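Keep in mind that what you see is a predicted model, and the values were worked out from it rather than measured.
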Number of protein chains: 2
Amino acid sequence: MNHDAASTPPLAADKKMDAVDIQRVLLERICLLRYKPDDQLKEALLAAEFGVSRTPVRDALNRISHLGLIESRNGVGTVVMQLSAEQIQHVYEMRLELASLIGRVSPITPGPAHLTALLSLLEDARVLQQSFDPDGYVLINHRLNALIVTMIGNQSLRAMWQQTYFQAASTWYRVAELLGPAVGDTLINELSELIEAVKMGDAEALGYVERVHINYGYTKVKQLFL
Amino acid sequence: MNHDAASTPPLAADKKMDAVDIQRVLLERICLLRYKPDDQLKEALLAAEFGVSRTPVRDALNRISHLGLIESRNGVGTVVMQLSAEQIQHVYEMRLELASLIGRVSPITPGPAHLTALLSLLEDARVLQQSFDPDGYVLINHRLNALIVTMIGNQSLRAMWQQTYFQAASTWYRVAELLGPAVGDTLINELSELIEAVKMGDAEALGYVERVHINYGYTKVKQLFL
DNA sequence: GACAGAACAGCTGCATACAGCTTAACTCCA
DNA sequence: TGGAGTTAAGCTGTATGCAGCTGTTCTGTC
């Protein structure tokens, strides 16, 4: 009764996933680097794993192809793309700008539900620090992103935010692998500052907090990869 | 020999279009309002028209579904969505912001090729004014948009610009129908100002020119529809 | 005549079979 | 043994048939 959504995020053991479910799982796996750049996502294998035919798998791949994270080549396979240094730079540059817009274009005043969710995330982030692992970290980041999305009033901006999040997520996973618990501390700081902003119902502050932390992340990415 | 691309933009008479071609044609038809909101895009009919099976048509529809311009409902059909007043507002708000970013994030210095293309567009726009029709107007706008895209250095911003263009295009077509040659005059002004910016190699000016004219368009849309 | 119910037509979602392309391995010859 | 040509395996792209869902229409009853 209480497992209507997101209760089986990575697993597919249950019964008959449709194209939409597969789309979600594939994106999550790319963000969690379970599929690494140059990996081949063979439609037949995925179909077998999910217990469906190639058709819904193809539909899912087609629907996420616009993100540039995968590319299908006839006769070869569907490969996971490694975003070039330039592309990563562009995505982070845009996320910096988009963050500033959260509080400026059709802003939403965050409410108590948002606060509750943030407090829950903060709790989980603290638990995570007791035995840090990148997967758990990125999953919390996932939930945080999903929450921030609900605080973006402009639907167009919301879509762009999601898009760039997916594009940057796997890069950020690699940072978490390399830096370890340090990024967890930063996440706790980010959550604390977000909580303050939400307590005041200040969407603009929220955007600036995000901007600051994206800038921090961008700095780390530049140091480590670019 | 000289008909390698865009020579048959709307037509499908030739031979064997693949999913990518179909995707382009469908988007164009939506932008030109050949498909109006609540219209049903039946896969079987489109397949017959393009001389292929339903499969590549489905692939094309899936690949553009993220724009929110169409929505497939099981048992019903794939319907063209009417963007709500709020959605239109959001898209225009974002285009205003994105325009300002053209000259700020990874800008490109426009060169002589851009200038040549703009002059050609200006010429065509002037010809159009001798007997204005919305279709011709939107097609020139299409070419202008394609050109501006090549002046956007940040790939992520480029994708967002394209996305919002497709989402706003059909709305703009309706404005052209209602206002007639007046929008053509505005287009000529826009092109003239863009030419000045490009002559100076000033990407920032280019972005501001776009911002101003998007704002003009937004004003008209608000007056007429919102 | 009006309304409830059932049968029907039509569409998308999915499954399966086939064709075309690409890569890699394998063979044959020098 | 090295290399060019050929063959074979495997993947995506496409075609086609079937199942499930939805809106409509037709029928039977009150």
Side-chain angles (χ1 to χ4, degrees), chain A residues 4-5 8 12-27 29-30 34-82, chain B residues 4-5 8 12-27 29-30 34-82:
Chain A
D4 45 61
T8 52
D14 283 339
K15 278 285 178 183
K16 268 299 173 64
M17 311 182 65
D18 65 357
V20 179
D21 299 325
I22 296 173
Q23 175 181 353
R24 199 192 63 244
V25 172
L26 291 181
L27 258 181
R29 289 182 181 176
I30 292 174
R34 290 178 66 113
Y35 299 141
K36 297 188 184 356
D38 292 337
D39 273 2
Q40 283 196 3
L41 306 185
K42 299 169 194 172
E43 296 174 358
L45 282 182
L46 291 171
E49 180 192 349
F50 294 131
V52 296
S53 78
R54 276 181 53 209
T55 309
V57 174
R58 274 184 68 79
D59 287 353
L61 291 172
N62 275 327
R63 284 210 268 260
I64 63 179
S65 63
H66 70 98
L67 294 173
L69 296 173
I70 57 175
E71 191 175 312
S72 292
R73 295 174 193 169
N74 191 357
V76 181
T78 301
V79 298
V80 179
M81 300 299 290
Q82 167 76 285
Chain B
D4 44 61
T8 52
D14 283 338
K15 278 283 176 186
K16 267 299 170 68
M17 311 182 66
D18 65 357
V20 179
D21 299 325
I22 296 173
Q23 175 181 351
R24 198 192 63 244
V25 172
L26 291 182
L27 257 181
R29 288 184 182 176
I30 292 174
R34 291 178 66 112
Y35 299 141
K36 298 188 184 354
D38 294 335
D39 273 3
Q40 284 196 2
L41 306 186
K42 299 168 196 173
E43 297 174 358
L45 282 183
L46 292 172
E49 180 192 348
F50 294 131
V52 296
S53 78
R54 276 181 53 209
T55 308
V57 175
R58 273 183 69 78
D59 287 354
L61 291 172
N62 274 326
R63 284 211 268 262
I64 63 179
S65 62
H66 70 98
L67 294 173
L69 296 172
I70 58 175
E71 190 175 313
S72 291
R73 296 174 193 169
N74 192 358
V76 181
T78 300
V79 299
V80 178
M81 301 298 292
Q82 167 76 285

Kindly give the heavy-atom pair with the smallest separation between B:Thr78 and B:Glu43, and that separation in Å. OG1-OE2, 4.4 Å

Euclidean distance, atom CZ of residue B:Arg54 to atom C1' of D:dG17 [Å, nearest integer]: 10 Å

Base, sugar-phosphate or nothing for A:Leu41? Non-hydrogen atoms, less than 4.0 Å. sugar-phosphate

Could you state the atom-to-atom distance from CE of B:Met17 to P of D:dT14 in whole Å? 12 Å

Under the side-chain contact (heavy atoms from CB on, under 4.5 Å) criterion, do B:Ile22 and B:Val52 qualify, and how do the steps go? CA-CA 10 Å; B:Ile22 296 173; B:Val52 296; 4.0 Å; yes

Taking atom C1' of D:dC21 as reference, at what distance in whole Å does atom CD of B:Gln40 sit? 14 Å

From NZ of A:Lys42 over to C1' of D:dG10, roughly how many Å is that when rounded to an integer? 8 Å

Measure from CG on A:Asp59 to C1' on D:dT12 and round the result to the nearest Å. 14 Å

I'd like the 5' and 3' limits of the part of DNA chain C contacted by chain B, with heavy-atom contacts below 4.0 Å. C:dG10 to C:dG13

For A:Met81 and A:Gly68, work out which heavy atoms get closest and say how close. CB-O, 3.6 Å

At a heavy-atom distance below 4.0 Å, what parts of residues 61-76 of chain B sit against DNA chain D? B:Asn74, B:Gly75, B:Val76

A:Leu69 CG to A:Leu26 CG distance, which is reported to the nearest 0.5 Å: 11.5 Å

Between A:Val76 and A:Gln40, is there a side-chain heavy-atom distance shorter than 4.5 Å? yes

Separation between CE (B:Met17) and CD (B:Glu49), nearest 0.5 Å, reads 8.5 Å

To the nearest 0.5 Å, how far apart are OH in A:Tyr35 and CG in A:Leu46? 4.5 Å

Under 4.0 Å from OP1 or OP2 of D:dT14: is there any side-chain N or O of B:Thr55 that close? no

Quick check on DNA chain D: between B:Pro56 and A:Glu43, whose nearest nucleotide comes earlier from the 5' end? A:Glu43

Side chain to side chain, B:Asp18 and B:Asp59, heavy atoms closer than 4.5 Å: no

From CZ of B:Phe50 over to P of D:dA15, roughly how many Å is that when rounded to an integer? 13 Å

To the nearest 0.5 Å, what is the distance between CZ (A:Arg63) and CD (A:Gln23)? 5.5 Å

